[in-house]
Amino acid sequence: MARIVAAYAASHAPLVARDWLILPEPAKTRLTAAYRALGRLMSAARPDVIVEIAPDHWSNFFINNLPNVCIGVGETHDGPPEPFLKDFPHNPMLGAPELAMHILTTALNNDFEPSVSHHMKLDHGFCIPLMRMELAELPRIVPIVINSLEEPMPSLNRCLAWGKLIRKAVESYPEDIQVAVLTSGGLSHSIGEPTMGVIDEDFDRSCIKAFERGTEAPLLSFLQSNLAKAGNGAQEVRNWLVAHGAAQSSGFTLVDYFPVPEVYVGCGFAEWKIAQS
Amino acid sequence: MARIVAAYAASHAPLVARDWLILPEPAKTRLTAAYRALGRLMSAARPDVIVEIAPDHWSNFFINNLPNVCIGVGETHDGPPEPFLKDFPHNPMLGAPELAMHILTTALNNDFEPSVSHHMKLDHGFCIPLMRMELAELPRIVPIVINSLEEPMPSLNRCLAWGKLIRKAVESYPEDIQVAVLTSGGLSHSIGEPTMGVIDEDFDRSCIKAFERGTEAPLLSFLQSNLAKAGNGAQEVRNWLVAHGAAQSSGFTLVDYFPVPEVYVGCGFAEWKIAQS
Amino acid sequence: MTTDYWLSKLFWDLQQPAAQAEYRADRVAVLERYQLKQDVRAAVMADDVAALSRLSNPYLLRFYFFAVGMKDDEFIAKLRAIANTSQAEKHG
Amino acid sequence: MTTDYWLSKLFWDLQQPAAQAEYRADRVAVLERYQLKQDVRAAVMADDVAALSRLSNPYLLRFYFFAVGMKDDEFIAKLRAIANTSQAEKHG
Ligand SMILES: [Fe+3]
Ligand SMILES: [Fe+3]
C-alpha cells in the first residue's frame with residue numbers, strides 16, 4: 001500500500017524568479033536557505049511521487065471553465081509558461097497517471113467532483129518551490145489545483161476534507177510507494193487590489209501558530225475570521241489546509257517565516273508532522 | 001423566495017435534428033408529439049428560469065480540463081455549435097447569472113465543488129428539447145453540465161445529492177421566481193462502441209418504472225446493477241437523477257417512451273411530481 | 001482503455017468545420033501538429049477503427065469517423081467486428 | 001465586482017508574449033476582436049485602473065497592466081487611489 005511519508009508548505013511569488021537577480025542579498029539568502037532546507041527534508045523522505053497542491057494563476061484555466069478543484073492525470077506536465085521561468089530545469093515533468101486516476105476515482109466515489117486534466121502546464125506556483133528546493137532528481141508529480149484566485153472558492157472546511165480524501169486515496173492505492181505532499185502558496189499578500197504590497201505579519205504569525213497547534217476547529221475559526229483581511233493572496237492558505245488534512249492535522253514544524261516586501265509576500269516554510277494511521 | 005414549480009425529462013439525439021427530414025414519418029410524428037406535450041406542460045407551469053441539466057458532448061470541454069459538474073453563470077449562452085442546428089431559434093439564450101451564482105455559492109458552501117463557466121455554448125443535448133418543445137418564449141436558462149460521457153463520472157448517489165442541492169439553492173434564493181428543471185439525455189443507447197445502434201427496451205421500461213415509483217434506494221440499486229449494460233449513452237440517465245433529487249424523489253408521470261432505432265436512442269419523456277416543501 | 005491525449009485532441013479539434021476541410025484536403029499536414037506516437041499515427045492513416053477505439057472516448061471516435069466521411073453503417077460494422085474479435089479471442 | 005467576460009478574456013489572452021507584442025503595436029486592432037461595451041472599451045483605452053478593477057479578477061488586472069508596461073509603483077499608486085477615493089466617499 002502507498003503511504004504519505006511527508007508534507008511540506010512553501011510560499012511562492014513570481015518575483016522570486018523574475019526579480020531574483022535584483023532582490024536584496026539578505027532576502028535572497030534567507031529564501032534560498034528556506035527552500036533548500038525543505039529540499040533536504042524532501043530528499044531524505046525519498047518520495048516516489050509528490051502530490052503538489054497549488055493554485056493555477058490563470059495559466060491553464062479561465063472563467064469559461066474554471067475548476068474549483070482539478071486533478072492532473074497526465075503522463076507528463078509542461079513546465080511553467082511564464083517567460084521568466086524559461087530556465088526551469090525539469091521540463092516536462094513526469095506525472096503519476098495511475099495514482100492520479102486513483103485519487104480522481106476515489107474522489108468521485110466519495111462525494112467529491114473535481115475536474116480532471118490530462119494535460120497541464122504547471123506555473124510558478126507549482127514550479128518555484130520545485131526549482132528552489134534544488135532536488136537532485138524530481139519525483140513524479142500529481143498536481144492538484146485548488147481555486148484560490150477567483151471568488152467564490154471551495155470552503156475552508158472542504159479544503160481540509162480534500163486533504164483527508166487525498167490521504168484516503170493514497171492509503172488505498174495498491175502499489176507500495178512513498179508519497180510526499182507539497183503545498184505552495186500564502187501567506188499574507190495582495191495582488192492587484194488596493195492593499196497590494198501590504199504584508200500582514202500579525203496574521204501570518206497567528207496563522208502559523210494555528211497550523212502548529214494542529215487542532216482543526218480553532219484553525220478553521222481563526223481563518224474564518226481573519227483570512228479575508230490578509231489580502232487576496234492569503235486565500236492560497238486554502239492549499240495549506242489541504243496538506244493539513246492530508247497530514248491528519250497533527251500540526252507542523254516551522255522551517256522559517258519572514259516577510260519579503262520586495263516580492264510582496266509573507267513567506268512561510270514548514271514541515272507537517274505525519275501521523276501514521 | 002424562489003421555488004421549483006416543475007421538472008421534466010426529455011431524451012435527445014443529434015439525429016433528431018440532423019436527420020429530421022429523412023426520419024420515418026411515424027417516428028417524427030411521435031417525437032413531435034412528445035416534445036410538444038412537454039412544451040405545453042412547461043408553458044403552463046410559467047417558469048421564469050429553466051435550470052437545464054445535460055451533458056456536454058465535447059462542445060465546450062475537453063480532457064485538458066474536463067469538469068464533472070459545471071454551472072453556467074453567463075448573462076447569455078451561445079446556441080449550439082453543431083452545423084445541423086444552425087437554425088436553432090434562440091441564439092443567444094438569456095442566462096440567469098444571479099440565480100446561477102447563488103447555486104454556485106450554495107454548492108461551494110455545502111461541500112460541492114463544481115466548475116463555473118461565464119461563457120458556454122449549449123449543444124444539441126441542451127437545445128434539441130428546447131427547440132422541439134416549441135416554447136413561444138424561452139425562459140432564462142441556467143445550464144448545469146453533468147459529465148456523462150467520459151469515465152470516471154460523478155456517482156449515482158452524488159447526482160441525486162446534486163438535485164437536492166439545486167433545490168436547496170433555489171429555495172434559499174431571495175427573489176420570488178418560478179424555476180423549472182429540465183433534464184436532457186438517455187435512455188439506453190450506445191455511441192461509438194460495438195453495441196452502437198442497440199436499444200435496450202427492457203432496461204428503459206424498468207428504468208422508467210423505478211423513476212415512477214420514486215423511492216431512492218431501489219432506483220439507485222436498479223441503476224447500479226443495470227446502467228453499465230445499457231450502453232454508454234445510458235449514462236446520461238445521471239442527469240435524470242439530478243432532476244429526480246431536485247423534485248424530491250416523488251416519482252413521475254411518463255409522457256411517452258418509444259425506441260427510435262433511426263436515431264439510435266430509447267426516447268423517454270416525463271414530468272416529475274413536484275413535492276412542495 | 002488508455003486515453004491518448006494527442007489523438008483525442010485531434011478528434012476534438014476536428015469538430016470545427018474549417019479544421020475538417022483542411023484535414024480532408026491534407027491529412028499529413030494536419031497530423032504534423034499533433035504529437036502522435038508512431039503506431040497511433042499509422043492507425044489514423046489506416047482508418048483503423050479497432051485500434052483507435054482503444055485510445056479515445058467513443059463519442060470522439062464517432063465524431064472523428066463522421067468527420068472523415070465514414071458512413072454510420074460502415075462505422076458500426078467495424079465496431080461490431082471488434083466485439084466479435086474479442087469474443088473469438090475469449091472463447092477461441 | 002461584476003465580472004466582465006470579454007474584458008477578462010482580453011486580459012487572459014494577453015498573457016501570451018505574441019499577443020502582448022501585437023497589442024502594444026496596435027491596441028485598436030486587437031480590441032476589435034473583443035465584444036467590449038462602450039464604456040469598458042473607453043476605460044481600456046484610458047488605462048483606467050480604477051474602472052477596470054471593478055470588472056475583472058485582480059490577478060488578471062495586474063497581469064494586464066504589467067503586460068502594457070505600467071511599472072508596479074505606478075500601478076500600486078493607482079490602486080491606493082481607489083481605496084482613498086472610496087474611503088473619502090464613505091466618510092465624506
Ligand atoms: Fe500565488
Ligand atoms: Fe447525448
Side-chain angles (χ1 to χ4, degrees), chain A residues 56 58-75 77-78 97 100-121 143-162 164-165 169 224 238 242, chain B residues 56 58-75 77-78 97 100-121 143-162 164-165 169 224 238 242:
Chain A
D56 179 70
W58 300 109
S59 296
N60 292 278
F61 308 132
F62 181 56
I63 56 171
N64 64 339
N65 181 18
L66 188 75
N68 272 294
V69 178
C70 183
I71 302 181
V73 302
E75 285 171 33
H77 317 295
D78 287 349
M101 281 302 294
H102 178 73
I103 297 174
L104 174 66
T105 52
T106 305
L108 288 166
N109 290 332
N110 285 275
D111 292 343
F112 293 74
E113 52 264 303
S115 296
V116 57
S117 175
H118 289 254
H119 196 86
M120 278 175 66
K121 304 179 268 255
I144 301 185
V145 168
I146 305 289
N147 167 28
S148 331
L149 266 69
E150 172 79 358
E151 302 277 0
M153 298 168 188
S155 71
L156 299 171
N157 214 12
R158 186 63 164 178
C159 291
L160 211 45
W162 258 102
K164 292 172 189 177
L165 185 275
Q224 228 97 48
R238 284 164 206 270
V242 177
Chain B
D56 178 70
W58 300 109
S59 296
N60 291 278
F61 308 133
F62 181 56
I63 57 171
N64 64 340
N65 181 18
L66 189 74
N68 272 295
V69 178
C70 183
I71 301 180
V73 302
E75 284 171 33
H77 318 295
D78 286 350
M101 282 301 295
H102 178 73
I103 296 174
L104 173 66
T105 53
T106 305
L108 288 166
N109 290 332
N110 285 275
D111 291 344
F112 294 74
E113 52 264 302
S115 296
V116 58
S117 175
H118 288 254
H119 196 84
M120 279 174 67
K121 305 179 268 256
I144 301 185
V145 169
I146 305 290
N147 167 28
S148 332
L149 266 70
E150 172 81 355
E151 302 276 359
M153 299 168 188
S155 70
L156 298 171
N157 213 14
R158 187 62 164 178
C159 290
L160 212 45
W162 258 102
K164 292 171 189 176
L165 187 275
Q224 228 98 47
R238 283 164 206 271
V242 177

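In what follows, chains are A, B, ... by sequence order, proteins preceding strands, each numbered from 1. Heavy-atom basis, side chains included; hydrogens, waters and symmetry copies ignored.
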Has the side chain of [X] got a donor or acceptor atom that lies under 3.5 Å from a matching backbone atom of [Y]?
| X | Y | value |
| --- | --- | --- |
| A/Asn68 | B/Ser115 | no |
| B/Asn65 | A/Asn65 | yes |
| B/Glu113 | A/Glu113 | yes |

[X] [atom1] to [Y] [atom2] distance, which is reported to the nearest 0.5 Å:
| X | Y | atom1 | atom2 | value |
| --- | --- | --- | --- | --- |
| A/Leu104 | B/Glu151 | CG | CD | 10.5 Å |
| B/Arg158 | A/Phe112 | CZ | CZ | 8.0 Å |
| B/Ile71 | A/Leu66 | CD1 | CG | 12.5 Å |

Using a cut-off of under 4.5 Å for heavy-atom pairs, which of B/Val116, B/Val73, B/Leu156 has the most such pairs with chain A?
B/Val116
Is it the backbone or the side chain of B/Met101 that comes under 4.5 Å from a heavy atom of chain A, or both, or neither?
side chain
Which heavy-atom pair separates B/Ser117 from A/Asn64 by the least distance, and what is that distance?
OG-O, 2.6 Å
Highest number of heavy-atom pairs under 4.5 Å with chain B among A/Pro152, A/Pro154, A/Ser155, A/Ala161 belongs to A/Pro152
